[in-house]
Amino acid sequence: RGYIDVRGVATGKLEEYCKKLQAEKRAVKIAVVSLGHEIGLAQPSAKDDKGFRAWLQSKQMKPSDVDPAASDDWDKVHYTPSPDSAKTKPGLYHWSKIYAYRYGIKNLKDRTDILKKYLPNAGIGANFSPHHQHMYLGDTHHWISVFREGGMTMPWGEDYIWQVPVGTQQMNFLMLDMYRAGIRPYPEAKIHYYVMPHTPGNTTSSWRRQFYADLPHGAKVPNLFEFRPVQVAYTENHCSEPAMFQAVRQGLHE
């Protein structure tokens with residue numbers, strides 16, 4: 001039906017999986033690929049000194065650029081992501097965090113590159129949520145760099161505007177603006193965004209404001225998510241108010 005979820009397919013088996021889709025003549029029909037749900041980035045091993053040093057060297061850096069105490073001895077440079085080291089070894093801590101972000105993005109890019117090769121019409125992403133850490137304002141490495149660096153090709157978010165504390169719907173558009181920053185080098189990319197009409201919880205006026213402003217903030221693929229009454233809903237989300245069905249119908253028509 002144009003959608004697949006590959007979170008259960010290991011990277012080593014992903015090419016075989018895609019070749020099977022090609023053989024079944026389904027590959028060109030895939031429009032959306034999910035790599036997971038509210039996922040974070042993979043982390044290096046806590047003792048990944050070798051990978052850390054190789055990455056620093058690829059940036060033409062010297063040991064003393066990372067830790068003045070290391071002088072020119074790479075054996076004294078250790079992957080140090082622990083927050084406790086922020087004060088005692090600030091250079092090592094800083095570059096360890098940057099390395100961890102690049103490691104996680106590359107992990108996603110390895111999968112995305114395989115999917116792009118075999119699924120020419122697919123947007124590849126994983127839905128992010130406004131619930132975590134600083135609400136409505138995601139981490140730059142997660143919400144922007146992932147897309148700038150090819151870790152995924154399709155920003156995918158959700159509003160949950162009535163479930164997370166909100167002053168106005170405008171708070172939620174910070175997320176869309178971050179996504180637009182992420183895909184700025186890729187004009188063909190499309191932002192996939194849940195505009196959730198779930199009731200009880202949301203209201204018709206709130207949904208309308210959300211929908212109408214998501215579009216100029218860059219959303220290209222609106223998704224109503226669980227647009228059915230509670231009796232047949234398969235998650236905790238549902239839409240059980242007749243007025244909301246009419247509001248959505250009117251909004252889409254307009």
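Position 1 is the first residue of the sequence; numbering continues from there. Being a predicted model, the structure only gives us computed values, none of them experimental.
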Parallel, tilted or perpendicular: which describes the rings of [X] and [Y], with under 30° parallel and over 60° perpendicular?
X	Y	result
Trp95	Trp55	tilted
His142	Phe128	tilted
Tyr79	Tyr99	perpendicular

Quick one, [X] and [Y] - any side-chain contact, counting heavy atoms below 4.5 Å?
X	Y	value
Phe147	Pro185	no
Lys116	Ile124	yes
His238	His198	no
Asn127	Ser34	no
Val248	Phe211	no

Task: Ion pair Lys106/Glu149, N-O distance below 4.0 Å - done: no

Open item on the list: Closer than 4.0 angstrom, basic N to acidic O: yes or no for Lys20 and Glu24?
Closed with: yes

Task: Reference residue Leu176; test side chain to side chain contact (heavy atoms under 4.5 Å, CB included); the match among Asp214, Asp159, Leu215 - done: Asp214

TODO: Only one of Val9, Val32, Leu119 passes side chain to side chain contact (heavy atoms under 4.5 Å, CB included) with Ile4; say which it is.
DONE: Leu119

TODO: Indicate if Val221 and Ile183 have the same hydrophobic cluster label, given that clusters are the connected sets of ILVMFWY residues with side-chain heavy-atom separations under 4.5 angstrom.
DONE: no

- [ ] Apply the test side chain to side chain contact (heavy atoms under 4.5 Å, CB included) to residues Lys89 and Ser96: give CA-CA distance (whole Å), side-chain angles for both, the deciding distance (0.1 Å), then the verdict.
- [x] CA-CA 11 Å; Lys89 295 280 187 180; Ser96 294; over 6 Å; no

TODO: Count the heavy atoms of every other residue, nucleotide or ligand shown that sit under 6.0 Å from CD of Glu16, and state whether that count exceeds 12.
DONE: no

Open item on the list: Under a 3.5 Å distance rule, please check whether Arg148 uses its side chain to pair with a backbone N or O of Ala181 as donor and acceptor.
Closed with: yes

Task: Nearest atoms (heavy-atom pairs only) where Tyr93 meets Pro83 - done: CE1-CA, 3.7 Å

Task: Heavy-atom closest contact (Tyr194 atom, Glu158 atom, distance) - done: CD1-CB, 3.3 Å

- [ ] Kindly say whether the aromatic ring centers of Phe227 and Phe245 come within a distance under 6.0 Å.
- [x] yes

For [X] and [Y], which I'm curious about, is there any donor-acceptor pair between the side chains at under 3.5 Å?
X	Y	result
Glu226	Tyr234	no
Ser71	Asp73	no
Gln43	Tyr103	no
Glu254	Gln250	yes

- [ ] Under the side chain to side chain contact (heavy atoms under 4.5 Å, CB included) rule, what do Gln22 and Cys18 come out as? Steps first, then yes or no, please.
- [x] CA-CA 6 Å; Gln22 270 194 337; Cys18 290; over 6 Å; no

